[in-house]
Visitor: 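Below is a structure I'd like to ask you about.
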2 protein chains.
Amino acid sequence: MVMTPFKVLAEPKRERILKLLATKPLSVNEIAEFLNMGQPQTSKHLKVLLDANFVWYEVKAQNRIYHLDHQGFDEVDKWLRSIKNFMVT
Amino acid sequence: MVMTPFKVLAEPKRERILKLLATKPLSVNEIAEFLNMGQPQTSKHLKVLLDANFVWYEVKAQNRIYHLDHQGFDEVDKWLRSIKNFMVT
DNA sequence: CAGATATATACGTTTCAAGCAATATTCAAA
DNA sequence: TTTGAATATTGCTTGAAACGTATATATCTG
């Protein structure tokens, strides 16, 4: 699907997933339950976040425990700074 | 239209407008020319950026000179930090 | 005021990604 | 090796936003 980092973050539900994962790493079903989302959509959103390096996962039994990944955030941070460096006010 | 800051930045052309404005303030037609975009689309994108406080404009004769506005960027920065504070790695 | 220039808005069309339901895959435990 | 639980994938439908064209508004200049 190949999305820009901003496009990945543009979806409110993905924003909420990241906010939730900031509190603690969670499995797919836990995320789905916390956010009242269906499991398939949750998986799909997680895949988008994974491809853009906003999350990574650890296999634990039949579960995949998703964690935040700093790489995606760093990229956004870098973009922000590249613009802010030129800002007057 | 009411968009989240990330949704505003999700459109590649709006990203390019901001990058361009980081070099210097420009009028609508100048932006349209630099980026090979139609004038109406350019106006429309600028309105979206304006509503989200990524740009502001100064009236100069018949022209509107658009500038970057730190407010929009600050908001994104704030969001990033609110997540990074909880990141382990 | 008339004409010209710069910008904004309205409208119809199109495109792309989210949502949902069904199905497939993976892996563990008995 | 069968069963069940957790997760991923596929296909279809739908809605929101981008695009192009045409038109409207505003502001300068003569």
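Side chains are part of it too, since the values below use all heavy atoms of this structure and drop only hydrogens, waters and symmetry mates.
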Visitor: Check whether any side-chain nitrogen or oxygen of Asn63(A) sits under 4.0 Å from OP1 or OP2 of dA5(D), and answer yes or no.
Guide: no
Visitor: Show your reasoning for whether side-chain hydrogen bond (donor to acceptor under 3.5 Å, both in side chains) applies to Glu58(B) and His67(B).
Guide: CA-CA 8 Å; Glu58(B) 158 197 20; His67(B) 301 248; 2.7 Å; yes
Visitor: Using whole Å, report how far CG of Leu49(B) lies from C1' of dA17(D).
Guide: 14 Å
Visitor: Strictly below 4.0 Å: does His45(A) bring a side-chain N or O up to OP1 or OP2 of dG19(C)?
Guide: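 The answer is yes; a side-chain N or O of His45(A) sits under 4.0 Å from OP1 or OP2.
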Visitor: Let me check the geometry of the helix from dC1(C)-dG30(D) to dA30(C)-dT1(D). What is the bend angle between the axes at its two ends, five pairs each, to 10°?
Guide: 30°
Visitor: Does Trp56(B) use its side chain to pair, donor to acceptor, with the backbone of Leu68(B) at less than 3.5 Å?
Guide: yes
Visitor: Just wondering, are more than 12 heavy atoms of other shown residues or ligands nearer than 6.0 Å to CD in Glu33(A)?
Guide: no
Visitor: Judged by atom type as modelled, is there a donor-acceptor pair below 3.5 Å linking the side chain of Asn63(B) to the main-chain atoms of Ile65(B)?
Guide: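 No.
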Visitor: Could you state the NZ-C1' distance from Lys47(A) to dA17(C), rounded to the nearest angstrom?
Guide: 15 Å
Visitor: For DNA chain C, what residues of residues 6-22 of chain A have any heavy atom nearer than 4.0 Å?
Guide: Lys7(A), Glu11(A), Lys13(A), Arg14(A)
Visitor: Between P on dA29(C) and CD on Gln62(A), what's the gap in Å once rounded to a whole number?
Guide: 6 Å
Visitor: Verify the contact: side-chain N or O of Asn29(A) to OP1 or OP2 of dA5(D), cut-off strictly under 4.0 Å; return yes or no.
Guide: no
Visitor: Is there, by distance only and without an angle test, a donor paired with an acceptor across the side chain of Gln39(A) and the base of dA8(D) below 3.5 Å?
Guide: yes
Visitor: Has Tyr57(B) got a side-chain N or O lying under 4.0 Å from the OP1 or OP2 atom of dA6(C)?
Guide: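 No, outside the criterion.
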Visitor: Expressed in angstrom and rounded to an integer, what is the separation of Lys44(A) atom NZ from dA22(C) atom P?
Guide: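 My rounded result for the distance is 15 Å.
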Visitor: Would you mind reading off the distance between Glu30(B) atom CD and dT5(C) atom P, rounded to a whole angstrom?
Guide: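 Between P of dT5(C) and CD of Glu30(B): 16 Å.
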Visitor: Touch check for Ser27(A), heavy atoms < 4.0 angstrom, all strands: base, sugar-phosphate only, or nothing?
Guide: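 Sugar-phosphate: the residue Ser27(A), judged by heavy atoms under 4.0 Å, touches backbone atoms but no base.
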Visitor: Treating Ser43(B) as the side-chain partner and Pro40(B) as the backbone partner, does any N or O pair qualify as donor plus acceptor under 3.5 Å?
Guide: no
Visitor: Take Met3(A) and Pro40(A), find for each the nucleotide of DNA chain C with the closest heavy atom, and name the residue whose nucleotide sits nearer the 5' end.
Guide: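 Looking at DNA chain C, the more 5' nearest nucleotide goes with Met3(A).
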Visitor: Look at the side-chain N and O atoms of Gln41(A) and state whether any lies under 4.0 Å from the OP1 or OP2 oxygen of dC20(C).
Guide: yes
Visitor: Within the side chain of Arg14(B), is there an N or O that forms a donor-acceptor pair under 3.5 Å with the backbone of Val8(B)?
Guide: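 Side chain of Arg14(B) to backbone of Val8(B), a donor-acceptor pair under 3.5 Å: yes, one is there.
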Visitor: Starting from P on dT29(D), measure out to NZ on Lys60(B) and report it in whole angstrom.
Guide: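 Checked: the NZ to P distance equals 14 Å.
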Visitor: In sequence, state the C-alpha distance, the side-chain angles, and the governing distance for Lys84(B) and Asp74(A), and then conclude on salt bridge (charged side-chain N to carboxylate O under 4.0 Å, His left out).
Guide: CA-CA 9 Å; Lys84(B) 280 204 157 185; Asp74(A) 286 349; 2.5 Å; yes
Visitor: Does a nitrogen or oxygen in the side chain of Arg64(B) sit under 4.0 Å from OP1 or OP2 of dA8(C)?
Guide: yes
Visitor: For Lys60(A) and Ser27(A): C-alpha separation, side-chain torsions, deciding distance, then whether side-chain hydrogen bond (donor to acceptor under 3.5 Å, both in side chains) applies.
Guide: CA-CA 9 Å; Lys60(A) 217 159 200 172; Ser27(A) 72; over 6 Å; no
